[in-house]
Amino acid sequence: MTDPNKVIINVALFGMTQSGKSSAGNILLGSTDFHSSFAPCSVTTRCSLGRSCHLHSFMRRGGREVTLQVQVLDTPGYPHSRLSKKHVKQEVKEALAHHFGQEGLHLALLVQRADVPFCGQEVTDPVQMIQELLGHAWMNYTAILFTHAEKIEEAGFTEDKYVHEASDTLITLLNSIQHKYIFQYKKGKSLNEQRMKILERIMEFIKKNCYQVLTFK
């Protein structure tokens, strides 16, 4: 029987190699489930599911305090330094069906470095993969997580100015996904502060989508 005082949200991470997917996944989980390190090549080669501890009284719903649990699917980066697009796509497709086949996916997070211009074929490859895997309704279930956001602060940009002056490619994508985006800052913020801010934004997106999910067979 479903517990009315508990909400489980399912999130999948997509993005280019060294975009910070695994690190972002660890922040969402409040753990170190996913191996994350700097390397001159792709680090993640297989999909992996992590589950957070219960966040008690995270929010209120229907006048009741609700406990939140997050399930995060980390995926190999694409383009990948060792794996073909066909291999990565099949790996992620099977993982989505295995972990979220019946429960469904609430949100696909496209992880993109804020200090890397969003232009060229490489940055659009992960977007294309999301479109192919999630289908025609992909834009309702996709948001962007900008990692290394402290770099834009150091460069004198605000979030609004950054988005306003973004490439046409990024602006077109943001328009498609109803401007669902989050900036992840590391410098000067504790891991818990980062985590709570990101989770609150994710819940805003999921609520706006009426808690709908994408199922996979």
Side-chain angles (χ1 to χ4, degrees), residues 7-16 19-30 34 47 49-50 52 55 58-59 68-75 77-78 92 95-96 99-100 103-118 123-149 152 158-160 162-164 166-186 193-216:
V7 170
I8 299 175
I9 60 169
N10 298 325
V11 178
L13 304 174
F14 295 85
M16 291 170 49
S19 60
K21 292 188 311 303
S22 299
S23 177
N26 286 334
I27 289 173
L28 290 174
L29 296 173
F34 305 132
C47 291
L49 185 75
S52 74
L55 290 170
F58 179 81
M59 61 183 187
L68 177 70
Q69 185 176 34
V70 188
Q71 297 190 133
V72 178
L73 182 69
D74 189 23
T75 68
Y78 188 78
V92 179
L96 287 170
H99 296 295
F100 302 145
E103 294 179 22
L105 176 71
H106 289 93
L107 191 68
L109 268 184
L110 173 63
V111 182
Q112 166 69 24
R113 287 184 65 119
D115 58 343
V116 175
F118 193 89
V123 299
T124 58
D125 280 340
V127 180
Q128 184 180 358
M129 184 170 291
I130 290 173
Q131 294 171 339
E132 293 173 356
L133 291 169
L134 270 55
H136 70 277
W138 69 274
M139 67 283 293
N140 297 325
Y141 298 90
T142 302
I144 300 177
L145 176 65
F146 291 107
T147 57
H148 301 270
I152 69 169
T158 63
E159 294 180 6
D160 288 342
Y162 177 90
V163 172
H164 181 72
S167 67
D168 290 344
T169 305
L170 179 54
I171 290 173
T172 298
L173 175 59
L174 288 171
N175 288 337
S176 298
I177 62 174
Q178 300 93 46
H179 283 259
K180 297 193 295 290
Y181 60 85
I182 309 165
F183 284 89
Q184 176 187 308
Y185 299 86
K186 285 187 177 180
E193 282 180 306
Q194 295 177 58
R195 183 189 189 201
M196 296 308 291
K197 180 183 177 184
I198 294 171
L199 286 177
E200 285 168 2
R201 288 284 285 161
I202 286 175
M203 288 309 302
E204 287 177 19
F205 303 151
I206 292 173
K207 287 178 187 176
K208 193 173 289 187
N209 204 28
C210 302
Y211 291 91
Q212 295 181 89
V213 295
L214 275 176
T215 54
F216 305 91

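The first residue of the sequence shown is numbered 1, and numbering continues consecutively from there. Everything numeric here is computed off the predicted structure, so don't read it as measured data.
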Item to check | Backbone of Phe118 reached by a side-chain donor or acceptor of Ser167 within 3.5 Å | outcome: yes
Next on the checklist: Has Ser52 got a side-chain atom pairing as donor or acceptor with Gln69's backbone, closer than 3.5 angstrom?
Outcome noted: no
Checklist entry - Under a 4.5 Å cut-off applied to non-hydrogen side-chain atoms, are Trp138 and Glu132 in contact? => result no
Checklist outcome for this item: Sequence neighbours excluded, the answer for salt bridge (Lys or Arg N to Asp or Glu O under 4.0 Å) partners of Arg195 is none
Checklist entry - Under 4.5 Å between any side-chain heavy atoms of Lys197 and Tyr185, yes or no? => result yes
Using atom types as modelled, flag every donor-acceptor pair under 3.5 Å from a side chain in residues 171-181 to any protein atom, sequence neighbours excluded.
| from | atom 1 | to | atom 2 | distance (Å) |
| --- | --- | --- | --- | --- |
| Thr172 | OG1 | Asp168 | O | 2.8 |
| Asn175 | OD1 | His179 | NE2 | 2.8 |
| Asn175 | ND2 | Ile171 | O | 3.3 |
| Ser176 | OG | Thr172 | O | 3.0 |
| Gln178 | OE1 | Lys180 | NZ | 2.9 |
| Gln178 | NE2 | Ser176 | O | 3.0 |
| Lys180 | NZ | Met139 | O | 3.0 |
| Lys180 | NZ | Thr142 | O | 3.3 |
| Lys180 | NZ | Ile177 | O | 2.8 |

Checklist entry - Would you find a donor on one side and an acceptor on the other, under 3.5 Å apart, between the side chain of Tyr162 and the backbone of Ala114? => result yes
Item to check | Contact check, side chains of Ile27 and Gln184, non-hydrogen atoms, under 4.5 Å | outcome: yes
Checklist entry - Which heavy atom of Lys21 sits nearest a heavy atom of Thr75, and at what distance? => result CE-O, 2.9 Å
Item to check | ring-ring contact (aromatic ring centres under 6.0 Å, His included) involving Tyr141 - partner list, sequence neighbours excluded | outcome: none
Item to check | pair Leu199-Leu28: side-chain heavy atoms closer than 4.5 Å | outcome: yes
Checklist entry - Can you name the nearest heavy-atom pair linking Phe34 to Val72, along with the distance? => result CZ-O, 3.5 Å
